[in-house]
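What follows is a short report on a single structure.
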Amino acid sequence: MNIKITFFLLIISTSLLAQNATITAEKKARIAEYIEHFKFNNQLLGNVAIKENGNDIINTRFGTMGSKDASSYTIGSVTKMFTAVLFAKMMEKDIINWDEKLNVYFPQIPNSEIITLKHMLNHTSGLQDYVVKEDSLYFWLKEPVTQMEIFSEIIRQGSAFKPGDSLSYSNSAYYLLARILEQKTNKTYQQLVVENITQPLEMINTFAIDEKSLQLRNVANSYEKRNDAWTETDEFYFPNVSGVGNIASTAADLNRMMSALFSGKIIDTATLNKMLPIEADWFGVGFMKVPFYEYIAYGHGGDTYGTHSVTSFNANNGLAISYIINGEHYPTNDFAIGLLSIVYGKEYTLPEFKEYKPELRFYEQYGGTYGASGFPLNIKIFKADNQLMAQAEGQPEFTLTPTAKHIFSFAAAGLEIEFMPFENKLILKQGGQLFELLKK
């Protein structure tokens with residue numbers, strides 16, 4: 001059940017907050033220069049904010065946000081932290097007991113008679129991931145689906161293990177948790193977020209996306225780079241992931257929430273400490289470790305089809321750091337490493353952006369449909385507007401980015417493809433696995 005990592009556990013206490021500033025004037029200037037480097041080279045779009053001991057130090061947006069004057073960004077699974085905090089508040093009010101069994105609410109779910117709400121909150125329930133439907137990867141939730149369709153998929157997937165025996169990140173569990181909140185309070189998830197979090201903290205740019213807010217609120221689009229220009233990507237229909245990934249916010253609003261959480265302004269500090277990962281555990285209840293060298297912060301990360309975000313708080317120095325990237329041409333994780341290196345005084349180098357220029361004459365030769373025995377899907381490769389595109393059966397097309405001769409990547413899915421045009425095959429690498437696919 002435990003994920004073994006070698007990070008030292010920090011005991012959370014507001015008394016530990018550092019009095020001396022970590023972000024000096026010099027560091028602030030270097031951070032601004034660092035972000036400007038990515039903006040000037042048109043590598044990233046997004047929002048970064050840093051708050052130290054309650055003071056806003058950095059809050060910057062960079063790059064195009066779309067044709068409308070967007071005020072918020074989608075933050076994906078950071079939503080789960082909101083859901084967990086709502087459960088904590090309900091527990092403190094004796095409205096919900098974390099030891100309750102899932103069958104009290106949804107007896108049709110496999111293993112519901114032995115799965116507790118706590119199992120679901122800390123990803124030890126065994127429930128799986130309705131966002132990934134059979135072999136359709138992430139794409140079935142881009143159009144509206146009914147709650148019954150989602151429940152049917154959760155039931156079909158069943159349980160991967162006995163509750164408490166292991167740890168597996170579960171979108172299904174958090175979807176059900178949000179519905180339990182609604183049952184127990186007779187309020188919508190959107191109302192609960194407003195009443196318990198965003199309104200008390202005056203988080204004016206944060207809200208849970210529902211059918212109505214899709215029309216009324218300005219949310220930044222997600223983008224990918226095509227022909228050296230940012231092109232809007234397809235995204236989730238966010239009401240499909242209510243309580244799982246449907247919050248929109250800003251980096252500054254997230255920092256406001258993190259600072260409030262760790263100062264006991266939303267839930268009791270004793271409750272918060274019970275929610276944080278302990279010892280070698282990676283996940284707690286709605287919180288995960290966000291490590292950087294010897295420094296351990298707590299928060300959550302989130303990804304949509306095109307936006308990547310992390311919010312974190314380090315109680316030892318009072319630093320809240322949040323970033324939301326809604327256009328990624330340079331890897332978000334590498335950007336974050338550079339940013340944190342400046343914050344914590346580590347060595348870093350401004351990256352050079354020397355993009356590989358592909359030989360377009362090979363694009364026609366790459367084209368075709370590839371497959372292999374045991375590989376679940378055929379993949380079509382084709383050229384469109386001087387871009388190399390890929391499309392798995394029954395799924396939307398996506399752009400392949402050239403990285404070296406005959407080698408392309410799709411960063412959003414951690415995918416790399418190496419073409420062997422004279423052998424009519426390709427090598428696909430993803431998640432540590434390697435597949436050889438032949439042209440049909």
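Computed from heavy atoms alone, side chains included, the values below leave out hydrogens, waters and symmetry copies. Owing to the predicted nature of the structure, the values given are computational and were not obtained by experimental measurement.
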Are any non-hydrogen side-chain atoms of [X] and [Y] less than 4.5 angstrom apart?
X	Y	value
Tyr298	Pro277	yes
Ile75	Thr206	no
Tyr175	Tyr130	yes
Trp230	His329	yes
Leu261	Phe287	yes
Ile35	Val48	yes
Ile115	Phe106	no
Met91	Lys274	no

Hey, could you give me the [atom1]/[atom2] distance between [X] and [Y], rounded to the nearest 0.5 Å?
X	Y	atom1	atom2	value
Phe419	Leu428	CZ	CG	9.0 Å
Lys187	Leu181	NZ	CG	11.5 Å
Ile109	Ile154	CD1	CD1	5.5 Å
Phe382	Glu397	CZ	CD	4.0 Å
Glu418	Phe408	CD	CZ	11.0 Å
Thr304	Asn246	OG1	CG	12.0 Å

For [X] against [Y], the heavy-atom pair lying closest together:
X	Y	result
Tyr330	Phe335	CE2-N, 3.6 Å
Lys93	Asn196	NZ-OD1, 3.6 Å
Ile180	Leu117	CD1-CD2, 3.7 Å
Pro110	Gly158	CG-CA, 3.8 Å
Phe161	Ser168	CE2-CB, 3.6 Å
Tyr174	Ala84	OH-CB, 4.1 Å

Any donor-acceptor N/O pair, [X] side chain to [Y] backbone, under 3.5 Å:
X	Y	result
Lys101	Pro107	no
Gln128	Ser172	no
Asp268	Ala270	no
Thr79	Ile247	yes
Ser112	Gln108	no
Arg61	Ser71	yes
Thr74	Gly76	no
Asp234	Lys142	no
His123	Ser170	yes
Asn326	Asn221	yes

Give a yes-or-no answer on whether the side chains of [X] and [Y] include a donor-acceptor pair shorter than 3.5 Å.
X	Y	result
Trp140	Asn240	no
Asn378	Glu393	yes
Tyr189	Thr83	yes
Lys80	Tyr169	yes
Gln387	Thr399	no
Ser213	Gln190	no
Gln157	Glu153	yes
Asn205	Thr250	no
Tyr344	Glu294	no

Is there a side chain to side chain contact (heavy atoms under 4.5 Å, CB included) between Met288 and Phe283 once you walk through the steps? CA-CA 4 Å; Met288 58 189 293; Phe283 287 101; 3.9 Å; yes
Chi angles and distances behind the ring pair (Phe, Tyr, Trp, His ring centres under 6.0 Å) call for Phe375, Tyr370: CA-CA 10 Å; Phe375 191 77; Tyr370 295 78; over 10 Å; no
Answer yes or no: does atom CD1 of Ile204 have more than 12 heavy-atom neighbours from other residues, nucleotides or ligands under 6.0 Å? no
Should the heavy atoms of other residues, nucleotides or ligands under 6.0 Å from NZ of Lys265 be counted, would the total exceed 12? no
Among Lys27, Lys28, Lys51, side chain to side chain contact (heavy atoms under 4.5 Å, CB included) partner for Ile58: Lys28
Identify which one of Leu254, Asn47, Thr332 satisfies the side chain to side chain contact (heavy atoms under 4.5 Å, CB included) criterion when paired with Tyr323. Thr332
How far apart are the C-alpha atoms of Glu224 and Thr233, what are their side-chain angles, what is the distance that settles it, and do they pass the side chain to side chain donor-acceptor pair (under 3.5 Å) test? CA-CA 6 Å; Glu224 65 175 347; Thr233 65; over 6 Å; no
Please determine whether side chain to side chain contact (heavy atoms under 4.5 Å, CB included) holds for the pair Phe82 and Met257, giving the CA-CA distance in whole Å, both sets of side-chain angles, and the decisive distance to 0.1 Å. CA-CA 10 Å; Phe82 284 71; Met257 178 179 177; 3.4 Å; yes
Can you check side chain to side chain contact (heavy atoms under 4.5 Å, CB included) on Phe236 and Thr307, steps first, answer last? CA-CA 11 Å; Phe236 282 101; Thr307 296; over 6 Å; no
Apply side chain to side chain contact (heavy atoms under 4.5 Å, CB included) to the pair His300 and Ser77, showing each step before the final yes or no. CA-CA 7 Å; His300 213 289; Ser77 285; 4.0 Å; yes
Does anything in residues 370-385 pair up under salt bridge (charged side-chain N to carboxylate O under 4.0 Å, His left out), and if so which pairs, sequence neighbours excluded? none
His37 vs Phe353, test: ring pair (Phe, Tyr, Trp, His ring centres under 6.0 Å). Steps then yes/no. CA-CA 10 Å; His37 181 64; Phe353 305 115; 5.0 Å; yes
Thinking salt bridges, do Glu182 and Arg179 make one under a 4.0 Å N-O criterion? yes
Sequence neighbours excluded and cut-off under 3.5 Å, please list the side-chain donor-acceptor pairs for residues 144-152, or say none.
from, atom 1, to, atom 2, distance (Å)
Thr146, OG1, Glu149, N, 3.0
Thr146, OG1, Glu149, OE1, 3.3
Glu149, OE1, Thr146, N, 2.8
Ser152, OG, Met148, O, 2.9

